[in-house]
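Below: one structure, written as structure tokens.
Protein chains get the first letters and strands the later ones, always in sequence-line order, with residue 1 at the start of each. Nothing here was measured: the structure is a model prediction, and the numbers come from that model.
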There are 2 protein chains.
Amino acid sequence: MATIKDVALAAKVSVATVSRVLNESGYVHEETKTRVLKAVEELNYHPNEVARSLYKRESRLIGLLLPDITNPFFPQLARGVEDEIHQHGFRLIFGNSDEDLEKELDYLQTFKQNHVVGVISATNYPDAPNYKDSSMPIVFLDRTGAHAPSVFADGREGGRIAASEIIKRHSKRITLMKGPGHLQTAKDRFNGALDILSKADVDFHVMATETFSFPEAQQRAAELFSFYPGTDGIIASNDIVATAVLHEALKRKIKVPEDLQIIGFDDIPQSELLFPPLSTIRQPAYEMGKEAAKLLLSVMKNEYIEQSAVQMPVTFIGRQTTRKADDNE
Amino acid sequence: MATIKDVALAAKVSVATVSRVLNESGYVHEETKTRVLKAVEELNYHPNEVARSLYKRESRLIGLLLPDITNPFFPQLARGVEDEIHQHGFRLIFGNSDEDLEKELDYLQTFKQNHVVGVISATNYPDAPNYKDSSMPIVFLDRTGAHAPSVFADGREGGRIAASEIIKRHSKRITLMKGPGHLQTAKDRFNGALDILSKADVDFHVMATETFSFPEAQQRAAELFSFYPGTDGIIASNDIVATAVLHEALKRKIKVPEDLQIIGFDDIPQSELLFPPLSTIRQPAYEMGKEAAKLLLSVMKNEYIEQSAVQMPVTFIGRQTTRKADDNE
DNA sequence: TTGAAAGCGCTACCAC
DNA sequence: GTGGTAGCGCTTTCAA
């Protein structure tokens, strides 16, 4: 690989001049510039990012920390982030944390050691020390609040919408499934649904599901129908759980949506591919990723941030696990 | 952030000595070592990877290039790669190429500029110049052959298995769907199925689907049933297409698997979540990622590679879109 | 067993 | 306008 020295030699100028034309900093004669550019071209020169990063103490890398890229909600986020930062010349260094604090810390360390200019993290531990004293800008993604900049979906409103929509469609004995207790997002949507249900003229009961894993959800779904056979509407804690419920219902020949309505949460890509396609509360994952990236970019530029907690809107996607709503609404 | 100089000062030794204890290179007195380690501890020192990378001309980063992380097949691959390299102290710099050569080149450039020690790429252009003259070790993933090391699934055998299994289960008028022509993997599985079908005592016809996108697949599926209503077995080009076919069949109240069997390809996570769950040919994506990482690590260490084209086995996953096979087999 | 110093490739300051 | 050069933080001779 050619270095700046080679270019300088070829163009018969000093490295300082080469640096100037490359970075468009300082004065340089038009003619010299041409010579340099020509040399760059001929030698197929590409600046060494590492050297640059060492001197400037910052790279063009951004760290992205996700719980598990294998979970279908996250690829969308990742893609949103990547698309946005790529435009601005940044690249991603990426890791899965498995919601494990040790691993997170390890990654944050790595990020710092590699001079990343910022990090985007979907952590459950936004209050961990490494996030506090950190010398690099951080934005939290899919995680509500803390005191740092963050972008997340309006889970509470999502829960409200889910409950309203299912009630509007005349479910009368509703099961509200509660997600893992350690996830704020899960709590939010649960509480939102509770807001509405508790005020409405319907029976409902709550069922806890401590994970979002499909096999466990399947088991809980089976229990659900055994214990509460009269249920005619289910608000699931997310689309995976909703899928398990749908499975179980279909297995039991329960007619969906005629006799049982189901609403999920997230709108992961495969929800549309189910049969019948799943009605759900959509989180705009891709856009959330983009938004987080934009926020980070702003923070990096020390721009004034008017909204440091960006709450993204959530929408009801009525597919075929819910009935048609009455028109008079 | 503390530097090696700070540590040296605190431990009252030279930076050379600190470097020696950190890298366990050269002799250093036990006592001095203790002093250094203590200083490291106290200052919470972590070596600057960038400086190290500049001098050594290699980082601890590995480049991963995937067409689109949003495509459900790839997260598994990515995870496999990450888990494997993480163990060995490497981290990932990651990009989506969208199967676009320009973008790939751009990323390869970035990788090189950042001193990655190797790259794993799922490219459609393994023969592009940037992959040839490259100064960094490369292994291709999910891409068959070229002359470089690669790991991929045995698509041809997969196609054969799919055809055999559907025939064994008594489909008599089979539709074989052919995937995008520019993808070698798609061609392989198609040819494999053709091998078997053409020798078997069944009617079959071929239908081309030029993309793996769901909406288009849906349309093709609709056409399929209109043009060939007699079809009683479908070998889809992948699970997305199979899902579209399944949808359409269900919509038309065709009984699956009684009157129509469907076999997909890939075994993406959601195939199991469909209703009925999809029978398919499984590619061990996670293991493929791991294997690719192992291969790369070997190449990096200049180890002797006995298998530079690692072909991973493919298996039939009989779920509920195929019937039970006869026992006498 | 240790330290001094060169040098990885680049940027930015200062002098001309 | 341009060039010389210090220095980013590290590793690795080489000499002591």
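- For the pair B:Glu24 CD and C:dT1 P, the computed distance is 15 Å after rounding to whole Å.
- The nearest whole Å value for the distance from the CD atom in A:Gln113 to the C1' atom in D:dC8 is 16 Å.
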Please list, one pair per line, the donor and acceptor atoms closer than 3.5 Å that link side chains of residues 62-76 of chain B to other protein atoms, with sequence neighbours excluded.
residue	atom	partner	partner atom	Å
B:Asp68	OD1	A:Arg79	NE	3.0
B:Asp68	OD1	B:Thr70	N	3.0
B:Asn71	OD1	B:Phe73	N	3.0

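- Note that the OG atom of A:Ser121 and the CG atom of A:Leu108 stand 6.5 Å from one another [nearest 0.5 Å].
- Rounding to the nearest 0.5 Å gives a distance of 10.0 Å between CD of A:Gln283 and CE of A:Met312.
- One axis for each end of the helix from C:dT1-D:dA16 to C:dC16-D:dG1, each built from five base pairs, and the angle between them comes to 50° at 10° resolution.
- Between B:Arg143 and B:Asp127 no salt bridge is recorded (no basic side-chain N to carboxylate O distance below 4.0 Å).
- The existence of a salt bridge linking B:Lys301 and B:Glu303 is confirmed by a sub-4.0 Å separation between a basic side-chain nitrogen and an acidic carboxylate oxygen.
- Classification of the A:Phe94-B:Phe94 ring pair by plane angle, with boundaries at 30° and 60°, yields tilted.
- Across A:Thr123, A:Leu296, A:Leu77, a single residue satisfies side chain to side chain contact (heavy atoms under 4.5 Å, CB included) together with A:Leu141, and that is A:Leu77.
- Checked by atom type and distance alone, the side chain of B:Thr32 pairs as donor or acceptor with a backbone atom of B:His29 at under 3.5 Å.
- Residue B:Thr32 places no side-chain N or O under 4.0 Å from the OP1 or OP2 atom of C:dT1.
- As a whole-Å value, the separation of A:Arg35 CZ from D:dG1 C1' is 12 Å.
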Q. For nucleotides 7-13 of chain C, read 5' to 3', which letter fits each nucleotide if B means a protein heavy atom sits under 4.0 Å from the base, S means only the sugar-phosphate is that close, and - means neither?
A. BBBSBBB
